[in-house]
Amino acid sequence: MRTDYCGELNKDNIDQTVELCGWVNRRRDHGGVIFLDMRDKRGIAQVVINPEHKKTFEIAEGVRSEFVLKITGKVIARGEGLINPKLATGEIEVVADEIEILNTSKPIPFQIDSTDTSEEVRLKYRYLDLRRDEMQQRLRLRSKVTHFMREFMDNNDFLDIETPFLTKATPEGARDYLVPSRTHPGEFFALPQSPQLFKQLLMMSGFERYYQIVKCFRDEDLRADRQPEFTQLDVETSFMDEDEIMAMMEEMTRGMFKSVIDVDLPAEFPTITYADAMSLYGVDRPDMRISMQITDMDELMQGVDFKVFSGPANDVESRVAALRVPGGATISRKNIDKYTKYVSIYGAKGLAYIKLNEDGPASPILKFLGDDVTAKVIEMTGAQTGDIIFFGADKTKIVNEALGNLREQLAKDLDLFDKQWAPIWVVDFPMFDVDGDGSLNAIHHPFTAPSVDAKTLESTADTALSRAYDLVINGSEVGGGSIRIHQVEMQQTVLKLLGISDDEAKDKFGFLLDALEYGCPPHGGMAFGLDRLVMIMTGTDSIREVIAFPKTQTAACLLTNAPASVPRKVLRELSVKVSLPEKD
RNA sequence: GGAGCGGUAGCUCAGCUGGUUAGAGUGCCUGCCUGUCACGCAGGACGUCGCGGGUUCAAAUCCCGUCCGCUCCGCCA
């Protein structure tokens, strides 16, 4: 049917008779001569129809955008001055002998080559949106990424093993997507939030190295970088410690960036502790393309006669910190107000600042701080004339989130990125975080090994560190993993600390606890968020741009109109009764 | 659950201090055109102003509610 791809024709094809199949990207009718831009998955080529071919010409007159055609014709060189440098195939064109209309097309709802169609329309007609070159490129890149991953894992003796989608609900973590069981009335499967327990069991089964590129499901609210179903490269290995696992995953990441987008990531990724990341960058996923750091001011501000600062400085649960912004003195009053509003979404009640103008420091708070403290602030932050220093003073969590996010926002607004690519490992995460009521939650997941023995863990649970690690690239968490607990006593201790009773543990994880007792090897692993990775590699700002059929923010599909109601009969078979909340 | 922005022609948008017939570009249709490549020229058709209610002599415009899309907070072990 086809001898060549439109997008691949070049001068070497001159004088050849070719058969092309594809879509009409554009038609230009000059009355006497008609041009068709034919598009296929490799690109576009111009087809010329001359009126001498009467029948062919008549067909071409009736052709419209997005008709599917088979063209038979001869490749010729374009004449002097007719070459189109904007087109990869612009040096040649195809003179049509025959046109076969393989299918017609209604006028389409938006132009394939327009770039400003609203996302709502694009998602409704996703199959048309995906015809766009941009989308074709992104999904092609995604395929190259998964291909590289599979090749790398295979070369390193990892086995691709599938795990079930119909599985059991987990007691903590994200909300589960549930599937009613017909054969067990009143009972439900849960779709996996990740294959975590299965991949650990595979280690206990002696496969030693497992991987899978697999969908995970979490029924939580969506974001630009979060979909309810998303894809992970899931990896688990026995008999490797965290340094070995990180080194191997780093090698894969480096190779992937080189091979897929020709980017050289550093020969060794830097490592930062969670505590340092929070203190210096305010977030656990620092964007290391930005050199700005947060400077701690607790000690300096403890004695100042300014309660807004001295209060938090003297409170262990609070913090005073400063962010020096190079060249920031030009930020207008209006924009400072904008940033004040910006940090307020993280709970900050204000945004104090000092501008370093030519004629010295300027700020509404100078009179409270005094000259000595002001000078110290300038010294500690390394600020220079022309800079601005922003302050956060509040609960530590609020200060970190406010200044951490402000840092990234300022970098965007003032273009303060000094690298294009900045991977970093974040390590030494705490085991638990402490709730308001004093109860503990797993920071990673309940199967993560602590860096101390069970006995020590019990006495120092609130400060204990885990053997977890995250890979962050350009401020985006693209992967994370840990060494797992492989001894039943430790697992029981952790579950106990999390407030899970023996009975509940037995009910939910009995199979895991049993398996741990039959010769479980030390093991650990990692999972990469494929969608986020591809989002970063394609330079897009939403994972919807790298997913063929994504959901909207309300977790609906505009193409299929899922989710949808089902007939009563179907519900009865499943023993499911719908009861909607009353509306007033 | 909450905050903000948006919804007007197939598409992208203007109009929104209430006022007569709701516009532009593009697409579509018709005609003309033999070298265009975002072809050009001329003409034409196309509107549930998201939906429901209210205020008013009069609502795309003001008010209330609601639905949808996007960004964010909460949430996401």
Side-chain angles (χ1 to χ4, degrees), chain A residues 25-38 44-52 57 64-66 78-87 89-90 93 95 105-125 128-129 170-176 193-194 196-197 216-228 230 341-348 398 401-402 405 409 429 431-433 435 440-448 466 468 477 480 482 494-495 498 500 527 529 541-542 544 551-556 558 561 583-584:
Chain A
N25 201 60
R26 225 168 246 284
R27 169 175 169 276
R28 289 178 294 281
D29 185 347
H30 287 249
V33 61
I34 296 172
F35 298 99
L36 298 178
D37 290 342
M38 285 293 293
I44 287 174
Q46 173 164 282
V47 174
V48 194
I49 300 99
N50 291 309
E52 291 80 56
F57 193 80
R64 292 294 179 269
S65 288
E66 299 306 312
R78 293 211 193 178
E80 192 73 23
L82 299 179
I83 288 170
N84 183 355
K86 284 187 270 183
L87 208 58
T89 59
E93 61 189 1
V95 183
S105 170
K106 294 204 289 187
I108 52 172
F110 57 91
Q111 264 34 66
I112 296 293
D113 46 12
S114 86
T115 50
D116 61 353
T117 311
S118 70
E119 199 175 359
E120 204 170 345
V121 174
R122 289 175 56 205
L123 290 180
K124 181 170 176 191
Y125 300 98
L128 297 180
D129 185 46
T170 44
E172 47 179 322
R175 198 175 291 117
D176 286 312
Q193 296 178 26
S194 84
Q196 182 60 35
L197 293 178
C216 304
F217 306 88
R218 295 179 191 176
D219 186 6
E220 296 294 346
D221 285 343
L222 289 82
R223 289 287 188 280
D225 64 352
R226 263 165 40 191
Q227 286 270 305
F230 60 99
K341 201 172 168 193
Y342 177 73
V343 296
S344 76
I345 63 180
Y346 301 101
I398 290 173
E401 285 185 6
N405 286 291
Q409 188 59 46
F429 283 85
M431 250 327 252
F432 307 105
D433 67 9
D435 253 6
L440 298 177
N441 290 304
I443 292 244
H444 204 63
H445 56 57
F447 319 107
T448 300
S466 73
E477 187 206 320
S482 65
V494 169
L495 292 176
L498 289 170
I500 298 171
D541 49 16
S542 156
R544 295 187 300 276
K551 305 277 188 288
T552 65
Q553 196 160 48
T554 54
L558 295 179
N561 278 325
K583 288 205 171 171
D584 31 34

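Chain A is the first sequence line, chain B the second, and so forth, proteins listed ahead of strands; every chain is numbered from 1.
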Practice task
Identify whether a stacking contact exists between A/F35 and B/U36, where the ring centres must be under 5.5 Å apart and the planes under 30° apart.
Solution key: yes
Exercise for the section: Evaluate whether the aromatic ring of A/H30 and the six-membered ring of the B/C39 base sit under 5.5 Å apart, centre to centre, with an inclination under 30°. Expected result: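 Per 5.5 Å and 30° rule: yes, stacked.
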Give me the distance, rounded to whole Å, that separates [N] from [M] when you measure between the [atom1] atoms they each carry.
N: B/C67; M: B/A9; atom1: P; result: 22 Å
N: B/G65; M: B/G47; atom1: P; result: 32 Å
N: B/G54; M: B/G15; atom1: P; result: 29 Å
N: B/C32; M: B/A24; atom1: P; result: 26 Å
N: B/C73; M: B/C16; atom1: C1'; result: 30 Å

Exercise for the section: Answer yes or no: is there an ion pair linking A/R544 with A/E119, defined by an N-O contact shorter than 4.0 Å? Expected result: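 A salt bridge is present here (some side-chain N lies under 4.0 Å from a carboxylate O).
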Practice task
Determine, for A/D129 against A/R122, whether the closest basic-nitrogen to carboxylate-oxygen distance falls under 4.0 angstrom.
Solution key: yes
Handout entry: Heavy-atom pair of closest approach, residues A/V47 and A/M38
Key =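 What the structure gives for the nearest pair is CG2-CG, 3.6 Å.
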Problem - Check: A/R27 side chain, B/U36 base, donor-acceptor under 3.5 Å - result: no
Practice task
Could you pick out which residue, A/N50 or A/F447, lies toward the 5' side of RNA chain B when each is mapped onto its nearest nucleotide?
Solution key: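 It is A/N50, whose closest nucleotide lies nearer the 5' terminus.
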Handout entry: 5' priority, RNA chain B, between A/D221 and A/L82 [closest heavy atom]
Key =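 Its nucleotide being nearer the 5' end, the pick is A/L82.
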Fill in the blank from the handout: For B/G69, the nucleotide meeting Watson-Crick or G-U wobble distances (both under 3.5 Å) is B/C5
Handout entry: Pair assignment for B/A38, Watson-Crick or G-U wobble, requiring both distances under 3.5 Å
Key =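 Matched B/A38 with nothing under the 3.5 Å cut-off.
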Exercise for the section: Taking A/R28 for its side chain and A/I34 for its backbone only, find out whether a donor-acceptor pair lies under 3.5 Å. Expected result: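 Flag not set: sc A/R28 to bb A/I34 has no pair under 3.5 Å.
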